[in-house]
Enquirer: 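Please see the structure below; I have some questions.
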Amino acid sequence: MQDLAETTSKIDTTLEVSAAKWAPIATTDTAIPSAVLFVDGVRRIDGRAWIDDATAADGKGHRAVPGLCASYAAGVMCSCSNGAHLVASEVRRGLFTDARTATHVDTHSGTYKFHRTVPSPELPPTVSLTNAVQRALTDLEITVAVDARDRCAEHTGDDDLLIVDGPLRGRGHLPRALGYVKTHSAQYLPNELNNIVAQLGTGERTPVFAVGSGWDRYSWYLRLPCLPAGPWAGIVRLEAAPELLLKDVVALANITQVLLGRFASVEYKDGRAPQNLVPIAGLERDLKHRLGLAPMLYRALRGAAAGTRHIVP
């Protein structure tokens, strides 16, 4: 068992079966969607800036307000009868700061659009800015996911499944969507049920349970095919929206048992195998390439800053 910190979330483990009947659930004969859409996003800090905010209109201006210049991208990879192909992708750049007098930053490599952030008194400024970049990336992932579904609708109709790389938070309103969590930072189950996770065989899952915290969701653990290793080798956790009916969540959980193992990566090719699914790994590489070369973007920011006394990278 992994040494995980116990969660403070409220957990209900009696949804699919009672806690006394928890055991690994084997795969069943389940039909799979005609298309699977994998959504992923990447972000990178291209430069850190100090903004001279001394002339803020509200009279509360002060110098040396921190900012982040970031590039971020999101895309959707589709796996269907036509093979794996990129459906949609988009790259954006932004200046994130709470400086009132900041503006867009125009460079020869593109414009960093100004995003006014709201600082949190409980968080260091750098953390608040990084969180703002992540929120912008989440919004972009939603945009490209909706766009991809619109493009694929004439071929798949409503028979598709959206796999979001990472927690489903902020994207639970997307229909037929699941969050795919590769790493584990908290222990959601009590010890006696957490041990069931270590007993899972390839393709087996735990019963569905509910997680109640600042945002609610259904969840379950699944073991992907992998080489023999530790008790949590190949374990991933799936998330579904709380608005779904339990029977629909169980149906989705059964689909993941049959479906996700087909996309598992292998150890000799990927150090994050098997959890780093092949379509997600390929999409991540493509998106990072689309961000552009970091040294060139940094030089472009330096060049833009040299033309103004307002921003110093």
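All residue numbers refer to positions in the sequence shown, counting from 1. Because the structure is a prediction, the values reported are computed rather than measured.
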Enquirer: Looking at T126, L129, L68, which one forms a side-chain contact (heavy atoms from CB on, under 4.5 Å) with I45?
Expert: L68

Enquirer: Is it the case that over 12 heavy atoms from other parts of the model lie below 6.0 angstrom from the NE2 atom of H289?
Expert: no

Enquirer: Closer than 3.5 angstrom, by distance alone: can the side chain of R151 be matched with the main-chain N or O of V87 as a donor-acceptor pair?
Expert: yes

Enquirer: Ignoring hydrogens and geometry, is there a side-chain-to-backbone donor-acceptor pair from R93 to L291 under 3.5 Å?
Expert: yes

Enquirer: If you define the side chain from C-beta out and look only at heavy atoms, does anything of C152 sit under 4.5 Å from L37?
Expert: yes

Enquirer: Please say yes or no: joined through hydrophobic side-chain contacts below 4.5 Å, possibly via intermediate residues, are L224 and W220 part of one cluster?
Expert: yes

Enquirer: So that I can tick it off, tell me whether D12 and K10 are bridged by a salt bridge, with the cut-off set at under 4.0 angstrom between side-chain N and carboxylate O.
Expert: no

Enquirer: Regarding T202 and R223, do their side chains bring together a donor and an acceptor under 3.5 Å, going by distance alone?
Expert: no

Enquirer: Please check if the side chain of R176 supplies one atom and the backbone of D160 the other of a donor-acceptor pair under 3.5 Å.
Expert: yes

Enquirer: Does T143 offer a backbone N or O that forms a donor-acceptor pair with the side chain of E90 under 3.5 Å?
Expert: no

Enquirer: Is any side-chain heavy atom of V65 closer than 4.5 Å to a side-chain heavy atom of D98?
Expert: yes

Enquirer: Between D139 and R135, does any NZ, NE, NH1 or NH2 come within less than 4.0 Å of an OD or OE carboxylate oxygen?
Expert: no

Enquirer: State, with a plain yes or no, whether a side-chain heavy atom of F38 is found less than 4.5 Å away from one of I163.
Expert: yes

Enquirer: Without hydrogens or angle criteria, can the side chains of D106 and T111 be said to hold a donor-acceptor pair below 3.5 Å?
Expert: yes

Enquirer: Answer with yes or no whether the hydrophobic clustering places Y72 together with L297; edges join I, L, V, M, F, W, Y residues whose side-chain heavy atoms lie under 4.5 Å apart.
Expert: no

Enquirer: If we only count heavy atoms from C-beta on, is the L193 to F209 side-chain gap below 4.5 Å?
Expert: no

Enquirer: Could you state the interatomic distance from CG (L283) to CG (L277), rounded to the nearest 0.5 Å?
Expert: 11.5 Å

Enquirer: Describe, in one word, how the ring planes of W232 and H184 are oriented to each other, choosing from parallel (under 30°), tilted (30 to 60°) and perpendicular (over 60°).
Expert: perpendicular

Enquirer: Test of understanding: clusters of I, L, V, M, F, W, Y form through side-chain heavy atoms closer than 4.5 Å, transitively. Do I11 and V208 belong to the same one?
Expert: no

Enquirer: Do I280 and Y180 come close enough that some side-chain heavy atom pair is under 4.5 Å?
Expert: yes

Enquirer: Given 3.5 Å as the limit, does a donor-acceptor pair link the side chain of S219 with the main chain of L238, or not?
Expert: yes

Enquirer: Between the side chain of S34 and the main-chain N/O of D159, is any donor-acceptor distance below 3.5 Å?
Expert: yes

Enquirer: Taking all atoms of both residues into account, what is the closest heavy-atom pair of P66 and P125, and its distance?
Expert: CG-CB, 4.1 Å

Enquirer: Do T30 and T28 have side-chain atoms, one donor and one acceptor, less than 3.5 Å apart?
Expert: yes

Enquirer: In the hydrophobic cluster built from side-chain contacts under 4.5 Å, what are the other members alongside M296?
Expert: L293

Enquirer: With distance as the sole test, does R217 use its side chain to make a donor-acceptor pair with the main-chain N or O of W215 at under 3.5 Å?
Expert: yes

Enquirer: For side-chain contact (heavy atoms from CB on, under 4.5 Å), just list the numbers for R262 and V258, CA-CA rounded to whole Å, side-chain angles, deciding distance to a tenth of an Å, and then say yes or no.
Expert: CA-CA 8 Å; R262 304 181 180 188; V258 178; 3.9 Å; yes

Enquirer: Suppose we screen for salt bridge (Lys or Arg N to Asp or Glu O under 4.0 Å). Which residues come up paired with R43, at least two apart in sequence or across chains?
Expert: none

Enquirer: Would a 4.5 Å heavy-atom cut-off, applied to side chains only, mark P33 and I255 as touching?
Expert: yes

Enquirer: Within the side chain of W22, is there an N or O that forms a donor-acceptor pair under 3.5 Å with the backbone of T13?
Expert: yes

Enquirer: Under 4.0 Å between a side-chain nitrogen and a carboxylate oxygen: does that hold for D165 and K182?
Expert: yes

Enquirer: Got Y218 and L246 here, is their nearest side-chain heavy-atom distance under 4.5 Å?
Expert: yes

Enquirer: In Å and rounded to the nearest 0.5 Å, what is the CD to SG distance from Q275 to C226?
Expert: 7.0 Å

Enquirer: Would N276 and S265 count as having a side-chain donor-acceptor pair, cut-off 3.5 Å?
Expert: no

Enquirer: Does some side-chain heavy atom of D286 sit less than 4.5 Å from a side-chain heavy atom of M77?
Expert: no

Enquirer: Output yes when a side-chain donor or acceptor of D53 lies under 3.5 Å from a complementary backbone atom of T101, and no otherwise.
Expert: yes

Enquirer: With a 4.5 Å cut-off on side-chain heavy-atom distances among I, L, V, M, F, W and Y, is there a chain of contacts connecting L161 to L168?
Expert: no

Enquirer: Among T256, N254, T27, find the residue that satisfies the side-chain hydrogen bond (donor to acceptor under 3.5 Å, both in side chains) test when tested with R205.
Expert: N254

Enquirer: Tell me whether L162 shares a hydrophobic cluster with L259, the cluster being built from Ile, Leu, Val, Met, Phe, Trp, Tyr side chains joined at under 4.5 Å.
Expert: no

Enquirer: Kindly assign one of parallel, tilted or perpendicular to the pair F96 and H115, based on the angle between their ring planes and the thresholds 30° and 60°.
Expert: parallel

Enquirer: Using modelled atom types only, decide if a donor and an acceptor are shared between the side chain of E141 and the backbone of G41 within a distance under 3.5 Å.
Expert: yes

